[in-house]
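All values below were derived from every heavy atom in this structure, side-chain atoms included, with hydrogens, water molecules and symmetry-related copies excluded. Numbering starts at 1 and runs along the sequence shown.
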Amino acid sequence: MYEHDVIVVGAGGAGLRAAVAADEAGADVALVSKLHPVRSHTGAAEGGINAALQEGDDWELHAYDTMKGSDYLGDAPAVETLAKDAPEDTIRLEHWGMPFSREEDGRVSQRPFGGLSYPRTTYAGAETGHHLLHVMYEQVVKRGIPVYDEWYVMDLATTDEDDPNDRECHGVVAYDVQSGKVEGFKANQGVVLATGGPGQAFDHTTNAVSCTGDGHAMAYRAGAPLEDMEFIQFHPTSLPSTGVLISEGVRGEGGILYNNKGERFMFEYGYANNDGELASRDVVARAELTEVNEGRGVNDEYVHLDMRHLGEERIMDRLENILHLAEDFEGVDGLVEPMPVKPGQHYAMGGIETDENGQTCIDGLYAAGECACVSVHGGNRLGGNALPELIVFGKRAGYHAAGKDLGEPQIKTGYGDDIENETDADLPVEPGASGLDQSGGVAADGGVTADTDGLLERTVEQTREHIDYLIEKDDGVQHAEIRSKLQNAMTDYVNVFRTEEGIKKALKIIRECREEYQDVYVDDPSRTFNTDLQQTIETRNLIDVAETIALGALVRNEFRGAHWRQENQIRDDENWLKHTLISWDDGKPSIFYRPVILEGEDKTYEPKVRSY
Ligand SMILES: Cc1cc2nc3c(=O)[nH]c(=O)nc-3n(C[C@H](O)[C@H](O)[C@H](O)COP(=O)(O)OP(=O)(O)OC[C@H]3O[C@@H](n4cnc5c(N)ncnc54)[C@H](O)[C@@H]3O)c2cc1C
């Protein structure tokens with residue numbers, strides 16, 4: 001068994017920042033990650049980091065843009081914290097060695113991004129995330145923070161009192177991918193989940209194969225609610241054949257979208273008469289699919305993104321990476337022809353419910369980064385707002401887990417007086433299933449026991465038995481079959497345009513996947529580098545996460561941000577200025593709501609019509 005004050009699970013931007021903060025606060029902290037830190041998905045971030053750095057811009061404008069972009073579902077205390085801390089935290093990155101792009105006069109460059117009223121996206125070419133990971137990892141190495149890389153965390157060691165608010169997290173259980181060994185990691189002060197997004201729940205996604213919602217599922221099984229899971233961002237410019245992202249930086253620099261008639265449709269058909277291509281992502285994604293659905297798409301599938309007019313010099317200076325992506329993955333030379341693009345799953349606005357200090361309702365359990373929902377993005381994330389979230393809230397979670405006083409949070413978590421109880425929505429199937437069988441195919445209630453003595457050892461034992469069972473089982477269903485069925489259902493029915501009928505179909509298929517998973521087996525008997533085993537467990541996590549996305553999408557019968565519902569195509573502020581919370585309770589998902597906080601430090605953000 002390993003033992004540290006703070007265990008950070010995940011070594012992307014959020015995890016690395018949390019670990020450095022915990023170290024700064026004097027804790028003995030360790031990182032446990034299924035990938036080597038610099039292979040984390042943050043490395044794919046191209047466009048940049050939003051921070052109000054220049055004269056003429058200020059944090060209040062950033063906060064306002066973020067609240068508007070969120071379609072008034074962001075919690076103001078979190079949004080204001082993001083906007084206030086982002087400048088200092090971005091400058092700290094610079095001091096740590098981040099090679100931000102610069103203007104002729106030496107100042108850090110900032111570019112316009114969708115939904116921003118000021119060009120405040122700070123970038124390092126089109127490889128911002130790559131540099132961020134390297135700079136942060138250098139800090140980890142410099143401080144001698146231990147990194148257990150290629151350790152796959154399978155579960156949390158959490159007590160199982162009836163009320164999740166009374167539960168405690170004492171550590172994690174992980175599987176060493178290299179040796180097959182299963183070990184406990186005891187956390188004397190706290191566990192920070194920084195496991196990234198759940199994009200692999202969808203078939204067409206800009207996310208890497210490692211984005212499997214593991215942290216979401218572990219927290220959910222332990223009883224922490226998942227918040228606003230229905231809000232999935234579909235990025236307007238992914239390459240059609242692979243889902244690889246073409247950064248919003250292309251449109252930020254002046255790239256133009258055309259339909260098959262060569263029309264600049266964002267203006268031609270009035271989707272966004274002011275901001276055109278630089279409207280918020282949800283607006284552009286719906287516009288593109290409407291073009292395709294109305295017969296104006298190219299090859300009935302995508303639209304064109306043209307950057308040729310920017311000229312070779314500017315493209316090579318600021319967007320060189322994009323040229324390589326278009327050439328390598330689509331065979332298109334962006335200097336001489338337009339690039340094909342279509343919406344692809346990109347980001348999860350929702351996640352594990354936390355307060356401004358990264359704390360969940362379970363004592364000792366924290367979450368930060370894309371796996372968390374604090375909530376700054378509400379119904380729709382603005383491009384360039386995820387990276388500042390990693391460094392601002394990663395830092396806060398690390399500090400708090402290490403015992404630093406950050407003040408009383410304004411955001412509540414878990415069950416409390418402020419929640420509105422269970423939904424009366426008509427659910428098409430009894431979601432979930434009760435009990436934890438040997439295949440581990442379903443979420444279990446809480447942890448092992450309320451008794452903390454030997455809790456971690458018992459969780460380790462349970463995990464070892466689970467792995468033995470999966471490997472020793474001779475036949476059954478392979479995870480890949482279940483995973484692709486799940487991904488197709490999500491892309492077919494819980495995509496940009498959603499209908500009640502479609503979501504119910506998805507929920508039925510998810511239920512079938514859950515049942516088939518009862519018979520899952522691992523074909524590869526090896527104990528070393530057994531990717532079959534790891535992906536089998538990831539598929540279990542994807543089932544739990546996909547179900548919460550579909551359930552949230554079903555109950556929220558309104559159109560807000562990225563969540564469009566055919567049956568009610570208006571934003572319904574009277575009934576829906578509230579977060580959807582789904583927790584695993586008594587053998588099934590339980591759905592409840594918490595009002596959004598629109599009161600900021602000095603002002604209230606009154607919901608307005610969101611036009612661009
Ligand atoms: C292509 C692309 C481009 C983007 N560009 C931008 C941009 O320009 N600006 C912006 O603001 N946002 C951007 N985003 C969003 C942003 O990059 C991500 O939201 C963010 O990087 C996620 O960081 P993270 O630290 O939460 O997770 P990740 O970087 O995904 O890291 C997750 C970590 O968790 C570990 N992990 C996961 N599960 C386990 C487990 N079971 N056991 C152990 N370890 C585990 C992984 O090994 C990894 O180290 C982009 C997203 C994509 C997909």
Side-chain angles (χ1 to χ4, degrees), residues 1-2 7 9-12 15 30-41 146-157 171-185 195-196 198-201 207-218 221 436-444 456-487 513-545:
M1 186 169 72
Y2 300 96
I7 302 284
V9 182
L31 282 151
V32 186
S33 175
K34 68 181 179 183
L35 300 174
H36 184 276
V38 299
R39 292 186 61 223
S40 301
H41 195 56
V147 182
Y148 300 86
D149 64 293
E150 300 202 327
W151 279 82
Y152 179 71
V153 175
M154 293 191 44
D155 246 321
L156 304 172
V172 304
V173 178
Y175 165 86
D176 179 7
V177 177
Q178 197 178 346
S179 69
K181 180 167 79 165
V182 176
E183 285 291 347
F185 288 75
T195 48
Q200 286 297 320
N207 285 196
V209 284
S210 59
C211 299
T212 49
D214 296 344
H216 294 77
M218 286 189 275
R221 287 198 294 273
L436 174 69
D437 70 358
Q438 276 288 49
S439 74
V442 290
L456 186 58
E457 289 79 357
R458 285 193 300 281
T459 317
V460 168
E461 213 32 59
Q462 198 180 55
T463 306
R464 286 195 183 125
E465 282 169 18
H466 178 194
I467 289 177
D468 289 346
Y469 167 83
L470 287 173
I471 289 187
E472 285 160 18
K473 191 171 183 301
D474 285 338
D475 57 11
V477 190
Q478 287 194 297
H479 78 86
E481 220 175 286
I482 303 172
R483 190 185 283 213
S484 68
K485 181 168 165 176
L486 182 85
Q487 291 171 329
C513 292
R514 209 178 256 294
E515 279 163 6
E516 284 161 23
Y517 195 91
Q518 301 293 331
D519 192 28
V520 80
Y521 85 113
V522 173
D523 196 34
D524 180 354
S526 155
R527 295 278 169 171
T528 60
F529 291 107
N530 191 337
T531 50
D532 188 10
L533 173 68
Q534 188 178 321
Q535 286 168 7
T536 299
I537 313 244
E538 289 169 344
T539 300
R540 161 183 85 165
N541 293 334
L542 286 170
I543 294 172
D544 281 341
V545 173

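Looking at D519 and K473, a side-chain N of the basic residue comes within less than 4.0 Å of a carboxylate O on the acidic one, giving a salt bridge.
Remark: E515 engages R511 in a salt bridge (Lys or Arg N to Asp or Glu O under 4.0 Å) (not counting sequence neighbours). The side chain to side chain donor-acceptor pair (under 3.5 Å) check on Q487 picks up Q200, with sequence neighbours excluded. Every side chain to side chain donor-acceptor pair (under 3.5 Å) that D214 has, sequence neighbours left out, goes to K34, Y152, T212, N541. T539 pairs by the side chain to side chain contact (heavy atoms under 4.5 Å, CB included) definition with H479, I482, R483, Y517, not counting sequence neighbours. Qualifying side chain to side chain contact (heavy atoms under 4.5 Å, CB included) partners for D176, counting only residues two or more places apart in sequence or in other chains: W151, Q178, S179, K181. Listed by chain and number, the residues in a side chain to side chain donor-acceptor pair (under 3.5 Å) with E183 amount to none (sequence neighbours excluded). For D468, the salt bridge (Lys or Arg N to Asp or Glu O under 4.0 Å) criterion is met by R527, not counting sequence neighbours. In terms of the side chain to side chain donor-acceptor pair (under 3.5 Å) criterion, Y2 has no residue partners (sequence neighbours excluded). When the side chain to side chain contact (heavy atoms under 4.5 Å, CB included) test is applied to V38, the partners found at least two apart in sequence or on another chain are H36, H134, Y137. Scored by the side chain to side chain contact (heavy atoms under 4.5 Å, CB included) test, R464 finds V182, V460, E461 as partners (sequence neighbours excluded).
Contact detail for V545 and P198: the closest heavy-atom pair is CG1-CB, 3.6 Å. Residues V177 and Q534 share a closest heavy-atom pair of CG2-OE1, 3.6 Å.
Taking the side chain as every heavy atom from C-beta outward, I467 and M154 approach each other to under 4.5 Å. For the pair D149/P37, a side-chain contact is recorded, criterion being any heavy-atom separation below 4.5 Å from C-beta on. In this structure, the side chains of F185 and V173 stay at 4.5 Å or more apart for every pair of heavy atoms. Using a 4.5 Å cut-off on side-chain heavy atoms (C-beta onward), I537 and L470 make contact.
A donor-acceptor pair under 3.5 Å links the side-chain atoms of N530 to the main chain of D524, judged by distance alone. No side-chain donor-acceptor contact under 3.5 Å links S33 to the backbone of G10. Side chain of D544 to main chain of A217: no donor-acceptor pair is present (N/O by atom type, distance under 3.5 Å, no hydrogens or angles).
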ask   = Would L533 and Y175 satisfy side chain to side chain contact (heavy atoms under 4.5 Å, CB included), going step by step from the backbone distance to the final call?
value = CA-CA 10 Å; L533 173 68; Y175 165 86; 3.4 Å; yes

task = Kindly indicate, with the supporting measurements, whether the criterion side chain to side chain contact (heavy atoms under 4.5 Å, CB included) is fulfilled by L35 and E150.
result = CA-CA 5 Å; L35 300 174; E150 300 202 327; over 6 Å; no

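The structure places SG of C211 at 10.0 Å from CD of E538, a figure rounded to the nearest 0.5 Å. Separation of atoms CD (Q462) and CG (D155) is listed at 7.5 Å; rounding is to 0.5 Å.
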